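Below: the structure, in structure tokens.
Nothing here was measured: the structure is a model prediction, and the numbers come from that model. Chain naming here is simple, since letters A, B, ... match the order of the sequence lines and numbering starts at 1 in each.
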Amino acid sequence: MGGHRDASESVEPVLRLEGLTKRFGSVTANDSIDLTVGRQEIHAIVGENGAGKSTLMSMLYGILQPDAGEIWVKGERQHFKNPLDAMDVGLGMVFQEFQLFDSLSVVENVIYRREPRRWGPIIDIDGACAEIDELARNYGLSVDPLARVEQLSVGQRQRVEVLKALYRHADVLILDEPTAVLTPQETSDLLGMLTRLRDGGRTIVFITHKLNEVMDVADHATVLHRGKVVASRLVAETSPTELSADMTGRNIVPTARAERRQPGRTVLNVSELCVGRTDDGDGLATDRVSLAIGAGEILGVAAIAGNGQEELVRAIVGLAPIVSGTIGIEGTPIHGLSTRQRREHLAYVPEDRKGIGSAGSASIQENLLMGFQREPRLCSRGWLNRGEALRHANDLIDRYGIVTQSAAAKASSLSGGNLQKVLLGRELARSLPVLIVEQPTRGVDIGAIEFIHQQLLRYRDGGGAVLLVSAELSELLKLSTRIAVMSKGRLAAVVEPDATSETELGLYMSGATTS
Amino acid sequence: MSEHTISVRTTQLEPVWVRIVRVVGGRVSSAILISLLLGVAVVAFSGSGPIEVFSALLTGAVTESGPRNTLARAVPIGGMALAFSIPYRAGVVNLGGQGQMVLGGLVGSIVAIYAPGPDPLVLVVAIVAGAATGAAWAALAALGQWKLMLPILITTLLSNYIADAISGYLIRYHVGDPGASAIAMKPIPLDRRVPTLPILGGVTVSVVVLVIVVIVISIHDRRRVAGYESLMTGYNPSFAWYGGLAVDRQRSTLLIVGGAIGGAVGANLIVGQLFVNIHGDITGTAFAWTGLMVALIAPRNPIAIAIAALGFAGLQVGGLAMQRETGVPGSLALVLQGIIIVVFMTRLVFVRSTWAPRRRAPNADTTLGTIGGGKDA
Amino acid sequence: MLDQILTEAFLEAVIRAMIPILLAAMGGLIAERSGVFQISLEGSILAGAFGAVAASYATGSSLVGVLAGGLAGILISLILAFGAVSRKADPIVLGIAINLFALGFTGFLLTQIFDIRGSFSDPAIVGLPDWRIPGLSSIPGVGSAFFELTALGYIAFLSVPVLWFVLFRTTVGLRLRGVGEHPTAARTLGVSVVRYRYGAVGFSGLMAGLGGAQLSLSNVVLFTDGMSAGRGWIAIVGVMLGRAHPVAVLGVVGLFGFSEAYGFRLQGNGLPSQITDALPFAVTIVALAVSRKRFAKLLNLAATPPEVGE
């Protein structure tokens, strides 16, 4: 990788933030952020989830407007009203969620709204292709300009986003967690490309929480913690240990790992499970995966997005058909059952809380009722006991500390954390032997995270078997009894949290080693 | 963690009548007001005196035979509104009400004219047969959706034209009255018509039946588990599926129930109101479509639907009276109906959103996705 | 029966049946590409038919009639644009209300202005002349069918390649497709989603209005209540089946035109009209069923996850 530069050599900073602040209600997402990015440097912004990185980037790109503070680009004060303003001064952003038109070709995506013309409104598509080819050659971004985006892999789509920014003459590229969705090979391609772009005169700001990437390519790292800048360091002069300490908060004792106990008899048993891909691709998404989770055990699943863990969960709950293998709960095979029948044995808190896990326009009470409506306590001969239903809802609202005006309020009025409590409360209240939970604390405010963790542990202590899928390695290390690492659809390793580290997990996840 | 344990104890869900008052008082009245203003503009544009026209319209609806005619018209309108709203609450758009009515009317009148047996029994059987026909017709659309993936919106709509053709063909060539000047069946025998009630100035028993149906549906929605489940499917089908409901079966059932109501309304229209099945008459009333519009005012609230049906029926009856009085065509009532709905749907009303909650668009799969669409912000 | 189909007269009937639907469908596909489900085509056709007859009667000019028809179509469609784009109302229910409004309003105006109920024909209504293209129109077999059309007929068929070119070769077309595909992304890049959608819906109203004018000033010269007779709906299905691609939509509309003309021909052979009238609708459903695989994906019917193991 390219040599690290000393940022202080830069004469004039390309990007300077002073006292940037953003509040959402009572939460201060960004608290007086100061940041200076020099010309031709790779500047990493690191922090844990919820540290305020995304809010900062949104303000930088005109999606959110700061409540206080100043943004300076190349020596001029900026007031971005929308992303266009940011593009106009040479900023280009690559979102985690790509902003691409899937049915359009690569070249059409790249030139959109900046089309070269032959005459009148007629697009000079050949000229555009040539220009893109040249950009692609210069920076090693090979991609077929005439391919449709929907045919491309995730890594290739990311390249299209980068091309889009370069084509618009962006000299400051901002990338939001660019490696979260990439395979290890794609990741190393991307990092190499960032170095080339920097050496070609561009400035790169990239957001990440993976310290090895920072150490590999960044020149400068700014660490956010709970909405504040806690450190700004030259990478050449720091170490992963130091950055890690910054990230987790210097004065805070690292979260204690939960006490573990010996799991009991096997409750959920997955054997040689193969699941097809959902995206029409060839091969298997989940390839001969076998897992056994005992009573009183949390089995964590660690994997980079798209390595088969989503399909594993879908197959267990009955959303995806299986190709082969068996799934059993307490000795009863369930893989032939309908979703409805399976839900009598397992509780499920899905990642997509708004799309699947709740009905936003229905009341909180109605959301909490789902799955209980046919229980004898609440239903006799098809009649709903409405008083009991309200008691049921209020009981869960109290027990889980769901902050709301009333049980009749719409679920869509809840914050991310409170909605998650609705889901978790509802699922745990059914006292089923198995709980499948995906990304339990994603998009959840810090205060609620600890509460959710405690509820998961309590369920475990009550003899429940938990399959926990999370992208937060620290969460997995804290909660899991064992951690299963998946890579390319296969089980790469099963490790004990006490006998491993984030680094080792990362290696397994990348597929570099198998145990 | 103290801020996370604050929860306000809750009271009952908002009572039905509070909601009705709020909706009627807020959105509906302002929608009607704006519609009236637009209506005045239309009338003035066409060269009549707006005050004269509207007072004729109003008095026509409430004086002399007005109330009785209004009640009589509210039955098919309200019935078809239910036929639409029942599947709609679970996210199924049934545009086939007209065809369900036409075929229900056809089979109903065949039974009423030709079936042997005691008259009251034949009358009941005729309406039940109409309902069964409508249900079967709707079941075809449900089969098409879940076996062949044909979108219900389109199949129900197109099947209206096919139902019309079937009915026209059968009446013309097989079950019609060869002596009639139009393509028509024989009149329904006098003793096999829906009896009228002496109270309320002689409206038919059907009014009472419809009121009972509305009450039953209302109770079903709020008190029965199945009602809760279908509402949840309407709010978010993925959520209902995740909660373990058999979504497809439930939706098919609701569509078939809607079809049955449509068929019954069609049969009732012939044996209770028109008394002779002339090809094209059922279609010509446009009751299916008027009912659909009525249903859109409050798709999840059968009582509000009944009230709106009464309002629209009054508008139509008043329109006919106005035509007699002033010579302004009665189709003004249709225009006003359209304006009211468009104003209502586009929320062209000056009410604060806290007062009148925004109408929720139905879920993604009730609306047909646009090409590659669905990512709208 | 084949000898009856392979005649110039039959081809002519197919083309005539196609023109109003094709105009509306070409408009509808542009709206669809912009991401608005255009379900008020039926109302625009009807309003266009009425506007054309009224203006032609009043001015004695078929050109003014056509312009008025187009304008009426636009006005109707703008209600949809306002509701669905600006007010985020559900386009399906709004479109249905608009269609009913158009039906009532044209009937109302018919009685109010012309004092006539049901159907209005008058020698003072000037119909659209057929323009014969010298030379081409005498090509045996196809000449009179393709080269003896009204101006609107030529517009309908020319709009296919023109719209294809606009959609896939120009900046406007590219931006429009982007707006329909991913409005947020288009907005981020500085394209006004609202403006494009209003434009597209307005265009669809114009085309459907012209379709209505063709219906009331060419196929026949009169206006009848509800004379659109489901053509707007068929145009919508045509757009869906043809996946909003001009050439594919032309093909689907051709199928509809064929079935309508064939129905008339069967009627001539003594089949009851009640049966033959339903032919285009039955053909539509069959066409849907045949292409259901692609169609299901298009409509994103997988919104409800599949039940496994049941």
Top contributor to chain B interface from [options] [non-hydrogen pairs under 4.5 Å]:
{"options": "A:Arg399, A:Glu427, A:Arg343", "answer": "A:Arg343"}
{"options": "A:Leu369, A:Asn367, A:Leu378, A:Val317", "answer": "A:Leu369"}
{"options": "A:Pro350, A:Cys379, A:Gly371", "answer": "A:Pro350"}
{"options": "A:Gly355, A:Gly360, A:Ala393, A:Ala409", "answer": "A:Gly355"}

Euclidean distance, [Y] [atom2] relative to [X] [atom1], rounded to 0.5 Å:
{"X": "B:His220", "Y": "A:Leu384", "atom1": "NE2", "atom2": "CG", "answer": "11.0 Å"}
{"X": "A:Glu366", "Y": "B:Phe239", "atom1": "CD", "atom2": "CZ", "answer": "9.0 Å"}
{"X": "B:Leu231", "Y": "A:Ser363", "atom1": "CG", "atom2": "OG", "answer": "10.5 Å"}
{"X": "B:Arg224", "Y": "A:Gln373", "atom1": "CZ", "atom2": "CD", "answer": "13.0 Å"}

Quiz item: Does a side-chain heavy-atom distance below 4.5 Å link B:Leu245 with A:Arg340?
Solution: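 Result no, sub-4.5 Å side-chain heavy-atom pair not found.
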
Exercise. Please examine the side chains of B:Val225 and A:Trp383, heavy atoms only from C-beta on, and report whether any two atoms are closer than 4.5 Å.
Key: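 They are not in side-chain contact.
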
Quiz item: What residues form a side-chain hydrogen bond (donor to acceptor under 3.5 Å, both in side chains) with A:Arg353, not counting sequence neighbours?
Solution: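 A:Arg353 satisfies side-chain hydrogen bond (donor to acceptor under 3.5 Å, both in side chains) with no residue once adjacent residues are dropped.
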
Exercise. Using the side chain to side chain contact (heavy atoms under 4.5 Å, CB included) rule, take A:Met370 and B:Tyr228 through it: C-alpha gap first, then chi angles, then the decisive distance, then the call.
Key: CA-CA 9 Å; A:Met370 182 56 81; B:Tyr228 161 79; 3.7 Å; yes

Self-check item: A:Arg377, CZ: over 12 other non-hydrogen atoms inside 6.0 angstrom
Solution: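 Yes, CZ of A:Arg377 has more than 12 neighbouring heavy atoms, counting only those of other groups under 6.0 Å.
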
Exercise. Flag yes if more than 12 heavy atoms outside B:Arg223 fall under 6.0 Å of its CZ atom; otherwise flag no.
Key: no

Quiz item: Which residues satisfy the ring pair (Phe, Tyr, Trp, His ring centres under 6.0 Å) test with A:His392, sequence neighbours excluded?
Solution: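 Scan of A:His392 (ring pair (Phe, Tyr, Trp, His ring centres under 6.0 Å), adjacent residues dropped) gives A:Phe372.
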
Exercise. With a 4.5 angstrom heavy-atom cut-off, could you sort out which part of B:Tyr242 is near chain A: side chain, backbone, both or neither?
Key: both

Quiz prompt | Heavy-atom pair of closest approach, residues A:Arg386 and B:Arg222 | solution = CD-O, 3.2 Å

Quiz item: Is the backbone of A:Ser358 close enough, under 3.5 Å, to the side chain of B:Asn236 for a donor and an acceptor to pair up by distance?
Solution: yes

